[in-house]
Amino acid sequence: MLTGAGVSAESGIVTFRAAEGLWEEHRIEDVASPEGFARNPRLVHDFYNQRRRHLLQPEIRPNAAHLALAEFERDFDGEFLLVSQNIDDLHERAGSRELRPMHGELLKIRCQHSGRVFEHCGDVFVETSCPCCDRTGALRPDITWFGEIPMHMDEIFAALDSCDVFVAIGTSGNVYPAAGFHQAAKAAGATTVELNLECTGSGFDHGEYGPATEVVPKFFSSLLMSNFLCMVQKQI
């Protein structure tokens, strides 16, 4: 399974790609690239501090799509892997366990010297001391920025090579390498399914369209009531 921004949008998480999204206020290269961080770490830290505070607001909670995926993982007796392009923690809060956040996690920070990663829910500043080396200016968000290799890629491609069904949920299909995952899965013989607000025209075998909170619970509930692969193939 692959999830994108469309899964969290209904929880109140503003998406980068939306017209009103956060990129409107900042150039991508200024807040989401190693070069931008090197030029102005204060700006980058402030950008992610704001996102972190927003994520921790009490009204930001897992929605029905997050909960449906966690329920499916719990009840499905086969192999399951959930890869997310999102950096929020809503899948974890919903109960997902076999989760690989390929673009990092907003509530974690990383030491640039040791590479160690730490849970962190508060603000981070250039003056914040690193928990492992005690240096200031050593910390960065544990986020995959543009120009960097996404996390867990070896495990993800191994799963794509062996999966029977690949489902992409709430993703635009514009950002690589995730945009090519369904093609890799299909080349390995998997059935590919798109659950999205609208069709991306990316050549999936099957698609269901509408808000994630409606489409995702309905689709995965139907799969739990019958043989997993046979159900999807029958719908196609």
Side-chain angles (χ1 to χ4, degrees), residues 3-63 65-67 70 82-97 99-152 170-172 175 178:
T3 61
V7 170
S8 293
E10 291 179 78
S11 290
I13 300 293
V14 181
T15 68
F16 281 161
R17 296 289 170 179
E20 71 279 8
L22 294 171
W23 293 142
E24 290 291 313
E25 299 176 11
H26 301 284
R27 297 189 307 164
I28 291 174
E29 56 267 31
D30 288 339
V31 295
S33 73
E35 296 78 14
F37 186 67
R39 284 194 304 270
N40 194 341
R42 292 186 185 277
L43 172 66
V44 175
H45 278 309
D46 181 63
F47 177 79
Y48 287 98
N49 286 342
Q50 291 182 48
R51 298 202 69 204
R52 198 176 295 113
R53 291 180 211 136
H54 176 66
L55 176 60
L56 295 173
Q57 292 297 306
E59 64 269 20
I60 304 297
R61 298 186 297 271
N63 61 48
H66 297 107
L67 296 170
L82 176 57
V83 178
S84 183
Q85 297 173 274
N86 300 333
I87 61 174
D88 61 61
D89 68 337
L90 298 181
H91 281 304
E92 292 98 325
R93 286 196 230 170
S96 292
R97 294 294 175 263
L99 174 67
R100 304 296 181 271
M102 63 182 292
H103 292 156
E105 298 177 73
L106 186 57
L107 299 184
K108 291 184 179 180
I109 53 175
R110 185 195 318 161
C111 175
Q112 297 184 86
H113 302 292
S114 70
R116 291 182 62 186
V117 176
F118 305 92
E119 304 269 350
H120 193 86
C121 294
D123 287 350
V124 183
F125 305 98
V126 174
E127 296 80 10
T128 302
S129 296
C130 174
C132 68
C133 68
D134 204 34
R135 303 187 200 181
T136 59
L139 294 170
R140 59 162 281 178
D142 189 36
I143 303 296
T144 300
W145 286 327
F146 287 90
E148 297 181 325
I149 299 173
M151 303 175 188
H152 312 290
T171 179
S172 66
V175 180

What are the two closest heavy atoms between [X] and [Y], and how far apart are they?
X: Ala65; Y: Val7; result: CB-CG1, 4.3 Å
X: Ile60; Y: Ser11; result: CD1-O, 3.3 Å
X: Asn86; Y: Ala5; result: OD1-N, 3.2 Å
X: Leu90; Y: Pro62; result: O-CG, 3.6 Å
X: Asp123; Y: Arg53; result: OD2-NH2, 2.9 Å
X: Asn63; Y: Ser8; result: ND2-CA, 4.4 Å

Check whether any side-chain N or O of [X] sits under 3.5 Å from a backbone N or O of [Y] as a donor-acceptor pair, and report yes or no.
X: Thr144; Y: Met102; answer: yes
X: His45; Y: Arg42; answer: no
X: His54; Y: Asn49; answer: no
X: Ser33; Y: Gly36; answer: yes
X: Ser84; Y: Pro101; answer: no

Nearest 0.5 Å please: distance from the [atom1] atom of [X] over to the [atom2] atom of [Y].
X: Cys132; Y: His113; atom1: SG; atom2: NE2; value: 8.5 Å
X: Leu107; Y: Ile87; atom1: CG; atom2: CD1; value: 9.0 Å
X: Leu43; Y: Phe37; atom1: CG; atom2: CZ; value: 10.5 Å
X: Gln112; Y: Arg135; atom1: CD; atom2: CZ; value: 10.5 Å
X: Cys121; Y: Ile109; atom1: SG; atom2: CD1; value: 10.0 Å

Heavy-atom distance under 4.5 Å between the side chains of [X] and [Y], does that happen here?
X: Asp30; Y: Asn40; value: no
X: Val83; Y: Thr3; value: no
X: Glu35; Y: Glu29; value: no
X: Cys133; Y: Cys111; value: yes
X: Leu99; Y: Glu92; value: yes
X: Phe146; Y: Pro34; value: no
X: Met151; Y: Arg100; value: no
X: Leu106; Y: Pro141; value: no

What do the steps show when you test Asp89 against Leu55 for side-chain contact (heavy atoms from CB on, under 4.5 Å), and what is the final call? CA-CA 8 Å; Asp89 68 337; Leu55 176 60; 3.6 Å; yes

Hey, is Arg140 close enough to Glu148 for a salt bridge, meaning N to O under 4.0 Å?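 Salt bridge: yes.
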
Do Asp88 and Arg51 pass the salt bridge (charged side-chain N to carboxylate O under 4.0 Å, His left out) test, and can you show the C-alpha distance, the side-chain angles, and the key distance before you say yes or no? CA-CA 9 Å; Asp88 61 61; Arg51 298 202 69 204; over 6 Å; no

Apply the salt bridge (Lys or Arg N to Asp or Glu O under 4.0 Å) test between Asp142 and each candidate in Lys108, Arg110, Arg116; give the one that qualifies.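 Checked Lys108, Arg110, Arg116 against Asp142; only one passes salt bridge (Lys or Arg N to Asp or Glu O under 4.0 Å): Arg110.
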
Are His66 and Arg93 linked by a side-chain donor-acceptor pair shorter than 3.5 Å?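 No, no side-chain donor-acceptor pair sits under 3.5 Å.
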
Would you please classify the geometry between the Tyr48 ring and the Trp145 ring as parallel, tilted or perpendicular, with 30° and 60° separating the classes?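 The arrangement is tilted - the two ring planes meet at 30° to 60°.
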
